[in-house]
Amino acid sequence: MKNLWNDAEVAQFTGSLGPRVYTSRLLGRDKSLVLHGGGNTSVKLVEQNLFGEGEEVLYVKGSGSDLETIDAEGFSPVALGHLRRLATLPELRDAELMNELNTHVLRAGAPSPSVETLLHAILPHAYVDHTHADAVLSISNAPEGALRVREIYGSKVVVIPYIMAGFELAAYCAREFQRLAGPDTIGIVLLSHGVVSFGNYARESYDRMIELVSIAEDYLASKNAWTVSLPAAEPRRPRRQEIAVLRRAVSDTAGFPLLVRLNDAPKFVGFARHERVREISQQGPATPDHVIWTKPAPMLGRNVASFVAQYSKYFERNASQAKEEKTMLDPAPRMALDPDWGFAAMGRNARDSAIVEELYDHTIDVILRAEALGGWKAIGEKHLFDIEYWAPEQAKLKRNGAPLLFAGEVSLVTGAASGIGRACVEAFLRRGAAVVALDRNPAISGLLQDPAYLGLQCELTAPQEIADALDAATRRFGGLDMLVLNAGIFPPSAAIQDIAGDAWRSAMSVNVEANLHVMQACHALLRLAPRGGRVVVIGSRNVPAPGPGAAAYSASKAALNQLARVAALEWAKDSIRINSVHPDSVYDTALWTDEVLASRAAAYKMSVEQYRKKNLLRTEVSSRDVAELAAEMCGPLFAKTTAAQIPVDGGNERVV
Ligand SMILES: [Zn+2]
């Protein structure tokens with residue numbers, strides 16, 4: 001394992017927490033050490049209080065931070081003397097522990113201290129680092145794991161059996177550490193959980209973490225268990241409707257829409273086809289706290305009902321043993337291993353499903369290396385249940401509050417690189433949807449850096465390109481709930497007798513026929529949307545009130561309008577609703593070049609300035625105004641509305 005310490009880099013981290021922030025980020029950078037909020041670090045400082053007295057403070061990673069990006073604010077300052085006293089109590093319930101932690105934070109507004117805070121407090125060293133290193137987990141979860149750990153580390157570490165994080169673990173560690181730590185002890189191995197290092201300086205503690213993990217990696221290499229290979233495996237790429245069927249089943253089971261993210265990389269397909277997949281995949285995750293993202297085990301194949309039956313039995317078996325009453329979480333899987341498809345990750349949003357995939361990517365490494373040592377063995381399901389249904393872990397998930405309006409849903413926007421389309425992308429992202437943005441402009445792919453955004457270059461007049469885009473979208477997000485038909489062109493103004501055949505045909509091709517193709521291709525996905533499909537057509541004021549010189553545009557938009565009305569009739573039985581907005585006076589779009597604006601103004605015998613404000617309310621209508629209405633039309637306000645046509649034009653007397 002590479003030591004990433006860099007003198008020039010650390011110099012940029014100033015203040016008393018500077019070195020602590022720096023090495024925390026170094027740990028976070030290596031995904032084989034910690035993933036997504038996993039692991040934690042701390043430093044003990046003496047600070048002057050308002051009375052001029054020196055006070056011992058433990059700065060420990062607060063919940064909600066990721067080590068890779070943590071800053072000084074991400075650490076929670078806790079009264080260290082109080083924590084040390086707590087650890088000496090004969091017992092302390094979880095709820096009491098959380099209360100004590102949160103009421104002894106010394107800065108208003110600081111994040112909640114990590115649930116592993118007491119473990120940091122009981123160690124005498126200034127710096128403490130804790131990770132869930134893959135290599136250490138592979139060894140400790142192999143046959144005779146505890147023996148192997150003792151053998152490779154000797155007195156360098158104190159070995160602690162698996163105990164759930166919290167008071168009991170800290171109290172046990174405090175006793176064992178005092179009893180067993182020697183002069184050369186530099187860390188603790190928490191069996192089936194992770195590893196701890198410590199030191200008087202940030203660098204010392206970090207160096208020791210790298211040393212401990214490197215020893216584990218070298219051991220695995222010496223046993224031919226570091227580089228593990230799977231047989232080459234060609235996936236069978238599912239049809240997109242099959243993916244949407246799975247997503248529908250999973251969402252119906254959860255009671256809310258979930259995204260499904262497929263990965264058929266050879267590693268995932270190979271693992272899904274592993275001859276012992278049933279034994280090795282069903283025991284549990286690499287380290288227990290993955291369970292809050294992943295549930296205890298992946299679904300094998302795609303039979304959601306049988307997963308639910310299994311999960312419910314797991315809940316009943318363990319809930320009946322629990323001290324307090326437990327309420328079952330939704331029983332939908334968060335992972336699936338399918339021999340044809342590879343791996344599927346489910347999440348309430350795109351970030352969550354990507355996290356699940358990354359956790360399992362590492363879990364496969366941990367499992368296969370333990371297998372190479374003689375057999376993977378995870379902690380039993382009782383321990384997993386204790387974590388999955390542990391109140392502080394549940395609180396972590398609920399921290400973000402109520403889900404956003406379109407959480408777990410997918411929206412597709414055409415003509416999304418600029419103007420109203422771009423504004424729609426943002427309006428749907430703000431409401432929590434994953435967004436597939438199509439445009440003929442290749443810049444679409446890099447327009448936004450957001451896991452919920454998938455930009456695809458697509459020529460909408462080419463049905464094969466639409467099909468390819470929908471395949472990619474479905475593999476990334478699992479299906480389609482909402483469709484915004486926005487792409488359109490505005491041909492040069494011409495009197496009817498002067499309209500060029502090409503101009504007419506391209507208006508019809510882009511503004512009508514391309515939309516027909518998109519609708520045809522999307523129908524099978526929209527009818528599988530967990531909350532029903534929704535389509536919004538970006539029409540035009542030209543539909544109810546056409547203008548001279550714009551026959552090709554007006555006729556094509558009117559044809560599209562009629563197409564939408566027929567779709568409302570035909571698709572209602574599939575629970576798909578389709579509504580239109582008719583914008584006008586929206587000048588921040590690609591259609592409205594200075595040239596077009598001048599020529600339209602001339603057609604109305606107005607100045608450009610007059611033309612811009614020719615609506616009744618004398619107001620500017622922006623792309624965002626249109627996009628916000630389009631997004632709301634997909635939400636609950638319009639749940640009982642289909643075939644509506646709503647102007648968003650500042651009021652037009654010809655429409656009134
Ligand atoms: Zn941990």
Side-chain angles (χ1 to χ4, degrees), residues 23-24 27-28 30-42 58 60-68 70 74-76 83 87 94 97-98 101 111-123 127-141 145 149 157-174 176-177 187-198 205-206 208-209 212-213 216 284-294 296 355 358-359 362-363 366 378-379 383-388 390-397:
T23 56
S24 301
L27 296 174
D30 194 322
K31 301 295 172 211
S32 69
L33 288 175
V34 290
L35 288 162
H36 304 293
N40 39 62
T41 57
S42 69
L58 176 78
V60 63
K61 190 193 95 164
S63 49
S65 283
D66 211 283
L67 286 181
E68 190 178 9
I70 197 165
F75 286 88
S76 189
L83 295 174
D94 293 337
L97 170 62
M98 294 317 291
L101 291 181
S112 241
S114 157
V115 296
E116 286 169 330
T117 296
L118 268 194
L119 179 61
H120 291 257
I122 55 101
L123 291 167
Y127 287 83
V128 177
D129 294 6
H130 165 50
T131 71
H132 301 149
D134 289 354
V136 177
L137 292 167
S138 286
I139 298 168
S140 103
N141 286 359
V149 169
V157 302
V158 170
V159 180
I160 303 289
Y162 180 80
I163 301 171
M164 188 169 76
F167 173 77
E168 213 190 312
L169 174 62
Y172 188 94
C173 282
E176 289 296 282
F177 191 77
I188 298 173
V189 170
L190 304 168
L191 292 174
S192 303
H193 171 175
V195 55
V196 177
S197 66
F198 40 70
S205 185
Y206 173 74
R208 287 170 169 181
M209 177 61 71
L212 291 173
V213 178
T287 184
D289 78 15
H290 291 183
V291 76
I292 62 170
W293 297 101
T294 63
I355 286 175
E358 195 170 12
L359 291 177
H362 283 265
T363 301
V366 173
I379 56 168
H383 292 307
L384 289 175
F385 181 85
D386 286 346
I387 297 270
E388 191 182 2
W390 192 34
E393 292 288 5
Q394 292 302 305
K396 256 195 218 174
L397 289 181

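Whatever order the structure lists ligands and atoms in, that order sets their numbers, starting from 1. Computed from heavy atoms alone, side chains included, the values below leave out hydrogens, waters and symmetry copies. Here the structure is a predicted model, which means the values were calculated and not measured.
- Within His132, the N/O/S atom positioned nearest the Zn ion (ligand 1) carries the name NE2.
- The Zn ion (ligand 1) sits nearest to atom OE2 when only the N, O or S atoms of Glu116 are considered.
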| said: Please evaluate residues Thr41 and Asp129 with respect to the criterion side chain to side chain donor-acceptor pair (under 3.5 Å), reporting the C-alpha separation (whole Å), side-chain torsions for both, the decisive distance (0.1 Å), and the verdict. | reply: CA-CA 4 Å; Thr41 57; Asp129 294 6; 5.5 Å; no

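- Heavy atoms only, all atoms of each residue included: Thr363 and Ala286 are closest at CG2-N, 4.0 Å.
- Considering just the N/O/S atoms of His193, the one nearest the Zn ion (ligand 1) carries the name NE2.
- A ring-centre distance under 6.0 Å is not found for His193 and His383.
- In summary, of the residues considered (Leu191, Val195, Val366), a side-chain contact (heavy atoms from CB on, under 4.5 Å) with Val136 occurs for Val195 alone.
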